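Contents: one structure, followed by commentary.
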Amino acid sequence: MNKDEFREGLRQGFPVIVAASPFGALFGALAVDNGFSIADAVFMSATVYAGASQMVGIELFGNHVQPWLIVLSIFAVNFRHVLYSASIARHIRHYTPIQKFFAFFLLIDPQYAESERRAERGLPVTYSWYLGFALIIYFLWLVTTAIGAVFGQMIGDPKAIGLDVLLPIYFLGLVLGFRKRDRFLPVVAASAVASVAAMHFVGSPWHVSIGALAGVVLAACLPGERAEREGEPVEQGS
Amino acid sequence: MDEAQHLDLIYVILAAAVATFATRVGGYVLITQLKHIPPRLEAALNAVPAAVLTTLVAPAFVYGGLDVAAAMVVAFAVGLRFSTLRMLLAGWVVVMAIRYAFL
């Protein structure tokens, strides 16, 4: 364990906490609203640990949907993580099996995005950094879930205090972080159009998988930018 | 909720946790079966972050209402120069201003 890298991870987790905490609290409040006890809500945050799918889960449970369908829906919402774990493999091959177990358990959207960004800057995705970043977010997710479950009614409408814009803006910031990659604009354009169309015609949560697939398939089909400009520096101006 | 229902809930949560973990380890298991990663697959994997994260942004921009869209435009402009934390602050200020100052 490298203390400096662990601390660096903790520090970089801070913006994530700002963006995600209202949703931890919102989840806790909604869970209690749907018949969960405070302990149930924290238990779900601690074991599933995937915000959007947890919201879907409590909503379905509150509507007395069959158990297998609840689990299948949560699986569908979380399906994008398959892409994350395939993509992050390049950076964490050197982890021990136990380290990998924890790394995959804690592999949420910001964890994946920050790991990729770190690798892109040429820094090693060390286990110390990974764990520091992950644990501060995990811990705060449990705490805010509990706070939301206890004080649920006091949060009221998240829209009234402007909390609903935080998550999309946070993800927008993550997207911007990848703007120097090959094929960035076509990939973003394809995923944006496909996800908006899928949201309209198919509905949530399928817009995530469909939109992501559009961008990824397009990237695989486009001719390689690097190969064409061989000899030129790959650096692109911003 | 009675005892049996509560036990059902615990089972549902545990099954959901296993299903979620499967998605988080599945891609790794599949990709490490390959000895050599073909260039097209490499290109596809490189596109994953922008592709997935865009699907969490674009629908919110289109269907989230004009106030959210305006906040995201301002946050985008801020994000070209400044940190994520400032994007969050700028977007929040814009959405609160629209919701309260102009009503």
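In what follows, chains carry the letters A, B, and so on, assigned in the order in which the sequence lines appear, proteins first and then strands, with residues in each chain numbered from 1. Only heavy atoms go into these numbers, but all of them, side chains included; no hydrogens, no water, no symmetry mates. For clarity, every value in this text was computed on a predicted model and none was experimentally measured.
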Side chain / backbone / both / neither for [X] at chain A, heavy atoms under 4.5 Å:
| X | answer |
| --- | --- |
| B:Val62 | side chain |
| B:Met96 | side chain |
| B:Val52 | both |
| B:Ala15 | both |

Report yes or no: does [X] contribute a side-chain atom to a donor-acceptor pair with the main-chain N or O of [Y] at less than 3.5 Å?
| X | Y | answer |
| --- | --- | --- |
| B:Arg24 | A:His81 | no |
| B:Tyr100 | A:Ala160 | yes |
| A:Arg181 | B:Asn46 | yes |

Hey, what do you get for [atom1] ([X]) to [atom2] ([Y]), rounding to the nearest 0.5 Å?
| X | Y | atom1 | atom2 | result |
| --- | --- | --- | --- | --- |
| B:Met87 | A:Leu174 | CE | CG | 8.5 Å |
| A:Asp182 | B:Glu42 | CG | CD | 10.5 Å |
| B:Leu56 | A:His207 | CG | NE2 | 6.5 Å |
| A:Ile108 | B:Thr20 | CD1 | OG1 | 12.5 Å |
| B:Leu53 | A:Phe178 | CG | CZ | 6.5 Å |

State, yes or no, whether a side-chain contact exists between [X] and [Y] at a heavy-atom distance under 4.5 Å.
| X | Y | value |
| --- | --- | --- |
| B:Ile10 | A:Asp40 | yes |
| B:Leu14 | A:Phe43 | yes |
| B:Val25 | A:Ser85 | no |
| A:Arg179 | B:Leu80 | yes |
| A:Tyr112 | B:Val48 | yes |
| A:Leu172 | B:Phe61 | no |
| B:Tyr28 | A:Lys100 | yes |
| A:Arg90 | B:Leu45 | yes |

Chain B heavy atoms under 4.5 Å from [X]: which part of the residue, side chain, backbone, both or neither?
| X | answer |
| --- | --- |
| A:Tyr170 | both |
| A:Val165 | side chain |
| A:Leu218 | neither |
| A:Leu83 | both |

Closest approach of [X] to [Y] (non-hydrogen atoms, all atoms of both residues):
| X | Y | value |
| --- | --- | --- |
| A:Met199 | B:Tyr63 | CG-CE1, 3.5 Å |
| B:Ala51 | A:Gly215 | CB-CA, 4.2 Å |
| B:Ile31 | A:Ala89 | CG2-CB, 3.5 Å |
| B:Leu88 | A:Val18 | CD1-CG1, 4.2 Å |
| B:Ala47 | A:Ala219 | CB-CB, 3.3 Å |
| B:Arg40 | A:Cys221 | NH1-O, 3.5 Å |

Heavy-atom count around [X] [atom1] within 6.0 Å, excluding the residue itself: above 12?
| X | atom1 | result |
| --- | --- | --- |
| B:Leu66 | CG | no |
| A:Phe79 | CZ | no |
| A:Phe102 | CZ | no |

Using a cut-off of under 4.5 Å for heavy-atom pairs, which of [options] has the most such pairs with chain B?
| options | answer |
| --- | --- |
| A:Trp68, A:Phe75, A:Phe14 | A:Phe75 |
| A:Gly162, A:Pro15, A:Gly173 | A:Gly162 |
| A:Leu166, A:Leu106, A:Val77 | A:Leu166 |

**Request:** Go through the steps to decide whether A:Arg93 and B:Thr32 satisfy the test side chain to side chain contact (heavy atoms under 4.5 Å, CB included), and finish with yes or no.
**Result:** CA-CA 9 Å; A:Arg93 253 171 220 274; B:Thr32 44; 4.0 Å; yes

**Request:** Check each of A:Ile210, A:Val208, A:Leu213 against B:Thr55 using the side-chain contact (heavy atoms from CB on, under 4.5 Å) test, and report the only one that passes.
**Result:**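 Exactly one pass, corresponding to A:Val208.
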
**Asked** If you measure only the distance, is there a donor-acceptor pair under 3.5 Å linking the side chains of A:Asn78 and B:Thr23?
**Response** no

**Request:** Output the option from B:Gly26, B:Gly79, B:Ala16 having the highest count of non-hydrogen pairs under 4.5 Å with chain A.
**Result:** B:Ala16

**Message:** Ring centroids only, cut at 6.0 angstrom: are B:Phe21 and A:Tyr49 within range, meaning strictly under it?
**Reply:** no

**Prompt:** Can you list the steps and then say if A:Met44 with B:Leu9 is a side chain to side chain contact (heavy atoms under 4.5 Å, CB included)?
**Reply:** CA-CA 10 Å; A:Met44 189 173 194; B:Leu9 172 62; over 6 Å; no

